[in-house]
Number of protein chains: 2
Amino acid sequence: MGAEAKRAEEWADVTPDAARRLVTAAVQAFAERGYHATTTRDIAGRAGMSPAALYIHYKTKEELLYQISGVGHRLALDILRRAREGDGSPAERLAEAVRTFVRWHAEHHTTARVVQYELGALGEEHHDEIVGLRRDSDAAVRAIIEDGVATGDFDVPDVRGTTLAVLSLCIDVARWFSADGKRTPGEVGELYAGLVLRMVGYAGQE
Amino acid sequence: MGAEAKRAEEWADVTPDAARRLVTAAVQAFAERGYHATTTRDIAGRAGMSPAALYIHYKTKEELLYQISGVGHRLALDILRRAREGDGSPAERLAEAVRTFVRWHAEHHTTARVVQYELGALGEEHHDEIVGLRRDSDAAVRAIIEDGVATGDFDVPDVRGTTLAVLSLCIDVARWFSADGKRTPGEVGELYAGLVLRMVGYAGQE
DNA sequence: CGCGAAGGTGAGCAAGCGCTTAGGGTGCGG
DNA sequence: CCGCACCCTAAGCGCTTGCTCACCTTCGCG
């Protein structure tokens, strides 16, 4: 599947077609240059429209960012929630969480870059809502680690700090990952899952 | 030492006084809002000058960012080089590298945020130069890890990938660290040093 | 066919941007 | 005391920005 097809699928439930084209164009532009350095003319141009057409579908440029950030954060949270609620040992669930979370950040690194590094550009209300979703993500990972500590599989002196570090490590993949690097998203996910199991002091076979 | 005094000391070798005031003002503004969202009027205002005064000391706004980025990267590289060339076992040197590198990112999180997350705003030439410094940082950390693998103290299947992950973990501290959080820079450094030793499979007493 | 809703355009407004220019203190060597 | 180098300001230039407005097309439906 080509990069363009993947982008289209990712935003499949944004309708109508013109709005979706605007979102995908905005994601690319924001990821390349950052929110503030991107102009509405650039977004509209990439979507094949005049600058004015943008405002038929979105009230402001910030609302476009909010849409992207909202969808992205809910997707990321879903990944972590599914891993937490899965069956298997804490180690298996933590590894699965990291594997899929990291793979998403690598595979959709353009979207992820916007989602993770442009929240400061959101308006106050939108920002607060997104921060809530981020707290939920933190809680999901922390729950898995706490499970592992309870069963004695993990050895973690500072659960909150370690949770923070694990999430931070995974999120930062969006910053450095490049599609033309030598690692595939799957390989990075696998590498990171192993590293995180070590961070929580899991002594099982690797 | 107050936050302001610490900022002044950090940029002590930028002269004359007016230029230093501009740099510290720019660091604060860039860290709060990002490079592109910051205006030259804002920077000059924080430094207590008229907008035109900025251009007596710096040719462009980008040159200010370049100055900040250059000084910051050289400082970070120094920290890692000193740790690599220090004496002690690989584990001690790696722990020291992470401890001081992380503490710097937490203590100077405003500067670090600009240094680590605004390089995309640099002009092409400046960008290339800074990327060179970052490669050197990577090499310094990798050297310590390779030492540990050679002595058998570390167990690292993928040295390049693990180096990348360790640096990524430390750098991202600049994004989430807040001065009014409950952890001190020293505590975060200590926590992270322990986590990194686990990541490289160090089995020594912790 | 007539018509209204939906989705688009070209032109352009007010505001704010990075940066320049002409000129005004201020202090220091001769 | 002069003159000059240095640092600074007020004003503003040319341009780009986010966004609006008057108007045009396309199309499903009675």
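As a basis for the values below, the full set of heavy atoms in this structure was taken, side chains included, without hydrogen atoms, waters or symmetry mates. Throughout, protein chains are lettered first and strands after them, A, B, ... in sequence-line order, and every chain is numbered starting at 1.
Atom CE in A:M49 sits about 16 Å away from atom C1' in D:dT26, given to the nearest Å. In this entry the distance linking CG of A:L54 with C1' of D:dC21 reads 16 Å, nearest Å. If you measure from atom NE2 of A:H36 to atom P of C:dG16, you get 16 Å, rounded to the nearest angstrom. Separating the OH atom of A:Y35 from the C1' atom of D:dT17 is a distance of 12 Å, rounded to the nearest angstrom.
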Before you tell me yes or no, could you show the steps for B:Q116 and B:H105 under side chain to side chain donor-acceptor pair (under 3.5 Å), namely the whole-Å CA-CA distance, both residues' side-chain angles and the distance that decides it to 0.1 Å? CA-CA 10 Å; B:Q116 299 295 357; B:H105 277 77; 3.0 Å; yes

(request) Determine, stepwise, if the pair A:S69 / A:V114 fulfils side-chain contact (heavy atoms from CB on, under 4.5 Å). (result) CA-CA 7 Å; A:S69 202; A:V114 177; over 6 Å; no

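Panel note: side chain A:R93, backbone A:G88; a donor-acceptor pair is recorded below 3.5 Å. Between the side chain of B:R20 and the backbone N or O of B:V14, at least one donor-acceptor pair lies under 3.5 Å.
Sequence neighbours left out, the pairs with a member in residues 162-172 of chain B that pass salt bridge (charged side-chain N to carboxylate O under 4.0 Å, His left out) are B:D172-B:R175. Residue pairs satisfying the salt bridge (charged side-chain N to carboxylate O under 4.0 Å, His left out) criterion with at least one member in residues 102-111 of chain A, sequence neighbours excluded, are absent.
A donor-acceptor contact closer than 3.5 angstrom links the side chains of A:Y66 and A:E129. Side-chain atoms of B:R33 and B:Q28 include no donor-acceptor pair closer than 3.5 Å. Neither side chain, A:E63 nor A:H126, offers a donor N or O lying under 3.5 Å from an acceptor on the other. Between the side chains of A:T111 and A:E10, a donor-acceptor pair is found at a separation under 3.5 Å.
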Set out, line by line, the N/O atom pairs under 3.5 Å between protein and nucleotides 10-16 of chain D.
none

Atom pairs under 3.5 Å: protein N/O with N/O of nucleotides 3-6 of chain C:
none

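The existence of a salt bridge linking B:R46 and B:D42 is confirmed by a sub-4.0 Å separation between a basic side-chain nitrogen and an acidic carboxylate oxygen.
Close to D:dG18, at under 4.0 Å from its OP1 or OP2, lies a side-chain N or O of A:T40.
The shortest side-chain heavy-atom distance between A:R113 and A:F177 does not fall under the 4.5 Å cut-off.
By the 30° and 60° cut-offs, the orientation of the rings of B:F154 relative to B:Y202 is perpendicular.
Contacts of residues 55-72 of chain A with DNA chain D (heavy atom under 4.0 Å): A:Y55, A:T60, A:K61.
Relative to the axis of its first five pairs, the axis of the last five pairs of the helix from C:dC1-D:dG30 to C:dG30-D:dC1 sits at 10°, rounded to 10 degrees.
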